[in-house]
Novice: 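Mind having a look at this structure? Questions to follow.
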Protein chains: 2
Amino acid sequence: MSEVREKAAKAKEAARRMNRVTTEQKNEALRLMADRLVAESSAILEANAIDLVNGRQNGTSESLLDRLALNDKRIGAIAEGLRQIIDLPDPTGRLLDETQRPNGLLIRKYSVPLGTIGIVYEARPNVTVDAAGLCLKSGNAVVLRGGSAALESNKAIVRIMHEALAQSSLPADCIQLIESSDRASVDEMLKLNGLIDVIIPRGGRSLIQNVIQNSTVPVIETGEGICHTYLDEEADPVQAEAIVINAKVQRPSVCNSLETLLVHESYAEKFLPALANKLKELGVELRGCDRSRALVAGMEAATEEDWRTEYNDLILSVKVVGGLDEALDHIAKYGTLHSECIVTANAERAERFLLEVDAAAVYHNASTRFTDGFEFGYGAEIGISTQKLHARGPMGLPALTSTKFVVHGSGQIRR
Amino acid sequence: MSEVREKAAKAKEAARRMNRVTTEQKNEALRLMADRLVAESSAILEANAIDLVNGRQNGTSESLLDRLALNDKRIGAIAEGLRQIIDLPDPTGRLLDETQRPNGLLIRKYSVPLGTIGIVYEARPNVTVDAAGLCLKSGNAVVLRGGSAALESNKAIVRIMHEALAQSSLPADCIQLIESSDRASVDEMLKLNGLIDVIIPRGGRSLIQNVIQNSTVPVIETGEGICHTYLDEEADPVQAEAIVINAKVQRPSVCNSLETLLVHESYAEKFLPALANKLKELGVELRGCDRSRALVAGMEAATEEDWRTEYNDLILSVKVVGGLDEALDHIAKYGTLHSECIVTANAERAERFLLEVDAAAVYHNASTRFTDGFEFGYGAEIGISTQKLHARGPMGLPALTSTKFVVHGSGQIRR
């Protein structure tokens, strides 16, 4: 039996036992894990140092090395993240619906764990702990397949989490780490229907697309965000400027940042040149349609490819449109169903935008940067869903549950 | 552009317009469709006659021809099904959650249509109307790909529904029928991410498995049911007999019928011979494990394949087990997460069964045949989900919706 199949089968067995553990037992396990990660941080740092040396030898970019690198402060933050999960309400065992039928059947609908969750992610050791913590708190077993550049770090972290689980009431097998750095191990995971209940990819576009294209196990699509902001003819210029700059500049590398600015023609004539200057001063490279280039000097031409690109960088594509319909058409064509914003003082057009734009989150007069579990008040998130099934937008613990109908009878049969 | 891509693109355009239609407009369209299907029933019957002649020439089985055949009564029932959908509450536009953040952001979560739903099904013209009606009522556009043996019937039905929609406020393009009988047209549908939001297969195991194996569009898995009933040592024999007979015999062709009977050894010694005789008298073929064959004369041996088979027929596999744990292990190994039952007077073991069995519906002392939208009190269903994401068990109109966060601000930016 392959490593992947064997570990997924162990996880499935553990998931069955997880149905019997209490909230207190899960919280105790999380506490033990957090404590032990801190207590054994030197072992984690030693393993991490090996990954970093290997990464440098393999020519890994500095930004990837930065995401891979751990230190005492980062390990402390990772452990603190686990402790925060303890404080979140248990999403399982909730009575969601109850009905008594005329024949006397009592039908209750409960939230239950999903079962076994596969997480496919990049070389980020913090995700190893974070994903394991969220899956455990929601009563699931987890099969982790992180980027191979973090393998030594992940092995050390999972060994320590297993030691902590051995002291707890939870089955240690509820956390499984795939150690094969072979790409085939990912492909195998994606086909394990019956052993793995859902796959959640966390990472960049190519990682996510590989999972979507190849998985026969149900997938929760996350993360890709080509977010638009539309400045209506009645946009307040002070608000508009603050929102656009915040959405583009505050943290351009994340999925809820602004990628394409749509501007009503009359607003553009009055205010686009000044806004463009502000953005340029902040280091933003602008790429525009013909009409915006006629208004703003020194703007590169945007190509079809630009409208389809999530830059995750200080680059912004700009398009002048004739009105709301053109803006809606552009978003329908190029949007990734993540976060879209209209800035306007006109309530009617705002309403149309909010109703007709298809996205996880639609905004009226606020930065798209708010699409986030903490900002929405839901606490830690496992990712931001950009698909429409199951969960949409920031996914907290309830997104890691399914439901079950529990039916009590007294001998009822169907006529 | 291929037929499939062109029609899916039209459906997506129509889906955008569906966001603006009211409940009354949708109900009016359903009423017009129901009326016109009855008024034009002779045209439907003519087309259906062609399908039936072709089917007979191609050697189609009588049971498939029976599902394909229409008559005035069946068309009346199909139209009545549409009228029942009118009476169901609109599942979209419901406020699901509302929160005001400390920074003043007002975050509302609404139920919204899924968008465009692809339905892949067999040669059953009633599904054409039923699926279209449910998708429309939930604000979705639908791309229908029915079995090619029903093509002429489906073309007539969709033409009539389009004529009805032309008199309504809904875009006629919200119903699309794929006419290509090529298997490749199904495969193409399953890859149309961005145009089709979800695929729902309705049919037998091979149809469903083909969709699961090949779709990159998210799928809602439906229907396969290897359902077990476990007779505990404290099962009431009168209840047990009634439940087993009902679950196996009342309608063996459907997914919630009983396929494998698990019997505690002490119950089996006392009551299995009599129960087996009753089942045989009702025409049920029994296939048993060694222990059950030692108790019941003339029982075929069950093979590994039997435990994995959804007979959908008057056949029952029987296994004697040493206790609850063995029953739970068997269900975990062979169950399809559909419906599972324990018959017992022992509350503790019932509770363990209900908690630990992983299935859409778990029963204590009632027939598994109740897993059904109408029987659960939810009205018309689009299918019974046997997966864990999005919807589980009987799926009514709410399963055809997604959610959207609508955020109202006054210039908020993220710090």
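Numbers restart at 1 for each chain; the letters A, B, ... are given by sequence-line order, proteins then strands. Keep in mind that this is a model prediction, so the values were computed, not measured.
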Novice: Can you say whether B/Asn214 sits under 4.5 Å from chain A via the side chain, the backbone, both, or neither, judging by heavy atoms?
Specialist: neither
Novice: For B/Arg415, is it the side chain, the backbone, both or neither that has a heavy atom under 4.5 Å from a heavy atom of chain A?
Specialist: backbone
Novice: Select one option (side chain, backbone, both, neither) describing which atoms of B/Ala399 are under 4.5 Å from chain A's heavy atoms.
Specialist: neither
Novice: If only side-chain N and O atoms count, and only distance matters, is there a donor-acceptor pair under 3.5 Å linking A/Gln250 with B/Arg414?
Specialist: no
Novice: For B/Val357, which atoms come within 4.5 Å of any heavy atom of chain A: side chain, backbone, both, or neither?
Specialist: backbone
Novice: Taking A/Asn193, A/Asp197, A/Val219, A/Asn246 one by one, which has the highest count of heavy-atom pairs under 4.5 Å against chain B?
Specialist: A/Asn246
Novice: Which region of B/Leu105, side chain (C-beta onward) or backbone (N, CA, C, O), has a non-hydrogen atom less than 4.5 Å from a non-hydrogen atom of chain A, or is it both or neither?
Specialist: side chain
Novice: Between A/Leu355 and chain B, with a heavy-atom cut-off of 4.5 Å, which part of the residue counts as in contact: side chain, backbone, both or neither?
Specialist: both
Novice: So which of A/Leu354, A/Val238, A/Thr401 has the biggest tally of heavy-atom pairs under 4.5 Å with chain B?
Specialist: A/Leu354
Novice: Which atoms of B/Glu375 are under 4.5 Å from chain A, going by heavy atoms: the side chain, the backbone, both sets, or neither?
Specialist: both
Novice: Please flag which part of A/Ala247 lies under 4.5 Å from any non-hydrogen atom of chain B: side chain, backbone, both or neither.
Specialist: neither
Novice: Is it the side chain or the backbone of B/Ile107 that comes within 4.5 Å of chain A heavy atoms, both, or neither?
Specialist: side chain
Novice: With chain A as the partner, which of B/Gly393, B/Gly377, B/Pro394 has the greatest number of non-hydrogen pairs under 4.5 Å?
Specialist: B/Gly377
Novice: Do A/Thr368 and A/Ser339 pair up side chain to side chain, a donor and an acceptor below 3.5 Å, judged on atom types alone?
Specialist: no
Novice: Counting only non-hydrogen atoms closer than 4.5 Å, does B/Asp329 touch chain A with its backbone (N, CA, C, O), its side chain (CB onward), both, or neither?
Specialist: both
Novice: Chain A: which of B/Leu114, B/Thr99, B/Ile212 shares the most heavy-atom pairs with it under 4.5 Å?
Specialist: B/Leu114
Novice: Heavy-atom pairs under 4.5 Å with chain B: which of A/Ala360, A/Pro102, A/Ser215, A/Ala240 has the most?
Specialist: A/Ala360
Novice: If we define contacts as heavy-atom pairs under 4.5 Å, which of B/Gln213, B/Arg101, B/His408 has the most with chain A?
Specialist: B/Arg101
Novice: Is A/Gln412 in contact with chain B via its backbone, its side chain, both, or neither, using a 4.5 Å heavy-atom distance?
Specialist: both
Novice: Which one of A/Thr371, A/Leu337, A/Leu328 has the most heavy-atom pairs closer than 4.5 Å to chain B?
Specialist: A/Leu328
Novice: Is B/Lys12 in contact with chain A via its backbone, its side chain, both, or neither, using a 4.5 Å heavy-atom distance?
Specialist: side chain
Novice: Count the heavy atoms belonging to other residues, nucleotides or ligands that lie under 6.0 Å from CZ of B/Arg17, then report whether that count exceeds 12.
Specialist: no
Novice: Using every non-hydrogen atom in the two residues, find where B/Thr336 and B/Glu340 come nearest and quote the distance to one decimal.
Specialist: N-OE2, 4.4 Å
Novice: With a 4.5 angstrom heavy-atom cut-off, could you sort out which part of B/Ala332 is near chain A: side chain, backbone, both or neither?
Specialist: both
Novice: Which value, rounded to the nearest 0.5 Å, describes the distance between A/His338 atom NE2 and A/Asn256 atom CG?
Specialist: 5.5 Å
Novice: Chain A heavy atoms under 4.5 Å from B/Thr403: which part of the residue, side chain, backbone, both or neither?
Specialist: both
Novice: If you count heavy-atom pairs under 4.5 Å with chain A, which of B/Thr216, B/Val362, B/Val406 comes out on top?
Specialist: B/Val362
Novice: As a quick check of understanding, evaluate side-chain hydrogen bond (donor to acceptor under 3.5 Å, both in side chains) for A/Thr229 and A/Tyr363, giving each step before the final call.
Specialist: CA-CA 9 Å; A/Thr229 294; A/Tyr363 290 83; over 6 Å; no
Novice: Would one find more than 12 heavy atoms of other residues, nucleotides or ligands at under 6.0 Å from atom CZ of A/Arg16?
Specialist: yes
Novice: Which heavy atom of B/Ser257 sits nearest a heavy atom of B/Arg369, and at what distance?
Specialist: CA-CD, 4.1 Å
Novice: Of all of A/Ile220, A/Ile243, A/Asn103, A/Leu106, which one pairs up most often with chain B through heavy atoms under 4.5 Å apart?
Specialist: A/Ile243
Novice: Is it true that A/Asn346 and A/Thr344 share a donor-acceptor pair across their side chains at a distance under 3.5 Å?
Specialist: no
Novice: Parallel under 30°, tilted from 30 to 60°, perpendicular over 60°: which one fits the rings of B/Phe376 and A/Phe405?
Specialist: perpendicular
Novice: In terms of heavy-atom pairs under 4.5 Å, which option from B/Gly93, B/Ser410, B/Cys341, B/Ala242 contacts chain A the most?
Specialist: B/Ser410
Novice: Below 4.5 Å, heavy-atom pairs only: which of B/Ser367, B/Ser402, B/Ala366 has the largest tally toward chain A?
Specialist: B/Ser402
Novice: Can you tell me which portion of A/Ile245 sits under 4.5 Å from chain B's heavy atoms? Options are side chain, backbone, both or neither.
Specialist: neither
Novice: Checking B/Asp236 against chain A: side chain, backbone, both or neither under 4.5 Å from a heavy atom?
Specialist: neither
Novice: Is B/Val198 in contact with chain A via its backbone, its side chain, both, or neither, using a 4.5 Å heavy-atom distance?
Specialist: side chain
Novice: What part of B/Glu356 gets closer than 4.5 Å to chain A, counting heavy atoms only: side chain, backbone, both or neither?
Specialist: both
Novice: Below 4.5 Å, heavy-atom pairs only: which of A/Arg251, A/Arg20, A/Glu13, A/Met18 has the largest tally toward chain B?
Specialist: A/Arg20
